[in-house]
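We name chains A, B, ... by the order of the sequence lines, and we start the count at 1 in each one. Since the structure is predicted, the reported quantities are computational estimates derived from the model, not experimental observations.
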Protein chains: 2
Amino acid sequence: MALQKEELFLKNKNIKPTAMRLLVLQYLFSCEEAVSLNQVEEALPNADKSTIFRSLKTFEEFGVVHSIREATLTKYALCKTCTAEVHTDKHPHFHCNKCDSTICLSHILLPQIQLPEHFKLQEQEYLIHGICDKCNAIA
Amino acid sequence: MALQKEELFLKNKNIKPTAMRLLVLQYLFSCEEAVSLNQVEEALPNADKSTIFRSLKTFEEFGVVHSIREATLTKYALCKTCTAEVHTDKHPHFHCNKCDSTICLSHILLPQIQLPEHFKLQEQEYLIHGICDKCNAIA
DNA sequence: CTTTATGCAAAGTATTTGCAAACGT
DNA sequence: ACGTTTGCAAATACTTTGCATAAAG
């Protein structure tokens with residue numbers, strides 16, 4: 001059946017591949033950019049928002065997606081190389097102020113910041129705001 | 001009077017120095033870290049939350065403070081060198097996952113990210129999560 | 001007298017949880 | 001039968017606005 005790829009994917013991550021999760025994952029695979037909870041909900045009109053929310057939360061926990069906190073809203077994008085134990089797929093994100101799309105700058109490494117003495121780094125969120133290539137082309 | 005410093009400060013920024021704004025600013029001057037709207041409200045129990053909110057918004061507009069969007073909450077910190085026209089005081093921020101304090105890493109320059117072709121940079125938010133020096137000392 | 005700021009109340013937005021029913025094994 | 005997931009409803013948390021009054025220039 002059509003969902004086999006997603007099913008295997010979830011099993012490999014030790015996530016029970018339920019119908020809802022497969023739908024959410026399938027949608028995420030179809031997205032080129034990070035999407036918000038609302039966007040997923042709109043894409044899956046019959047799905048309950050809190051169920052989607054919990055699917056995304058599970059996905060994040062098991063290293064399937066990473067979340068990006070924008071001004072008021074959280075977006076989610078598929079991880080390339082993360083596992084539940086180690087979130088290795090770290091990169092800056094770009095938010096277009098015109099079309100509000102959020103793009104993973106996967107090819108750009110997070111800079112090595114030299115923290116002050118006795119500070120311990122755990123995670124980094126680097127969000128760059130500006131105008132994306134498409135909007136620049138229009139303007 | 002005691003508020004003269006704050007009063008001059010606001011006048012120099014072309015902000016009318018009202019009583020409320022002076023109180024908010026005075027509190028901000030007393031803070032070593034970025035503070036949330038709730039924190040300002042707690043520090044000024046007789047002040048209305050929406051008034052504080054609007055003061056902070058005005059301050060941000062005129063380059064007095066910058067805001068940092070954390071997981072769920074916005075914090076504000078005084079700018080060192082900004083004006084209403086140009087927000088030059090850009091730096092990463094550090095959020096302690098233990099004590100939830102947010103510290104301006106003013107001495108650290110934002111890295112120069114090489115964006116893909118046709119992308120235009122406007123602003124950057126770089127939030128580093130970890131354990132701060134004080135919490136590390138305790139642990 | 002006109003403009004701006006304030007306080008109160010309430011709306012708006014997004015996230016998160018409680019609980020009972022449904023599901024999969 | 002069992003633990004997990006789902007759908008619905010509602011709570012929570014935070015931000016933001018409308019409006020009438022008050023204050024300032």
Open item on the list: Does anything in residues 128-139 of chain B form a side chain to side chain donor-acceptor pair (under 3.5 Å)? List the pairs, not counting sequence neighbours.
Closed with: A:E125-B:H129
TODO: Measure across A:D100 and A:K75 and return the closest heavy-atom pair with its distance rounded to 0.1 Å.
DONE: O-NZ, 2.6 Å
- [ ] Decide if the gap between the ring center of B:F59 and the ring center of B:Y76 is smaller than 6.0 angstrom.
- [x] no
TODO: Round to a whole Å and report the spacing from CD1 of A:I52 to C1' of D:dT5.
DONE: 14 Å
Open item on the list: If you only use heavy atoms from C-beta on, which nucleotide in D:dT16, C:dG7, D:dC14 is closest to the side chain of B:L73?
Closed with: D:dC14
Task: Test item: A:E60 side-chain N/O and A:K57 main-chain N/O as donor-acceptor pair under 3.5 Å - done: no
Open item on the list: Please give me the minimum heavy-atom distance between B:L127 and B:R69, naming the atom from each residue.
Closed with: CD2-O, 3.8 Å
- [ ] Hey, which sits more toward the 5' end of DNA chain D by its nearest nucleotide, A:R21 or A:D48?
- [x] A:R21
- [ ] Quick one, give me the B/S/- string for nucleotides 17-25 of chain D, reading 5' to 3', where B means a protein heavy atom under 4.0 Å from the base and S means that only happens at the primed atoms, P, OP1 or OP2.
- [x] BB-------
Task: Selected nucleotide, minimal atom distance to B:S55 side chain, candidates C:dT15, D:dT15, C:dT6 - done: C:dT6
TODO: Assign A:T51 to base, sugar-phosphate, or nothing according to its heavy-atom contacts below 4.0 angstrom with the strands shown.
DONE: base
Task: B:Y126 side chain reached by A:L110 side chain, heavy atoms, under 4.5 Å - done: yes
Open item on the list: For A:N38 and B:M20, find the nucleotide of DNA chain C closest to each by heavy atoms; which residue's nucleotide sits nearer the 5' end?
Closed with: B:M20
- [ ] Could you verify whether a donor N or O on one side chain and an acceptor N or O on the other, from A:S36 and A:N38, lie under 3.5 Å apart?
- [x] no
TODO: Quickly work out the A:Y76 OH to C:dT16 C1' distance and round it to whole Å.
DONE: 10 Å
Task: B:L44 CG to C:dT6 C1', straight-line distance once rounded to whole Å - done: 14 Å
- [ ] Would you kindly give the NZ-to-P distance between A:K49 and D:dA11, to the nearest whole Å?
- [x] 17 Å
Task: d(CD1, B:I68; P, D:dT15) in whole Å - done: 12 Å
- [ ] Figure out the CZ/C1' separation between B:F62 and C:dT4, and round it to whole Å.
- [x] 12 Å
TODO: Could you check how far CG of B:L56 sits from P of D:dT16, rounded to whole Å?
DONE: 11 Å
- [ ] Measure the distance from CG on A:L10 to P on D:dT4 and round it to the nearest whole Å.
- [x] 17 Å
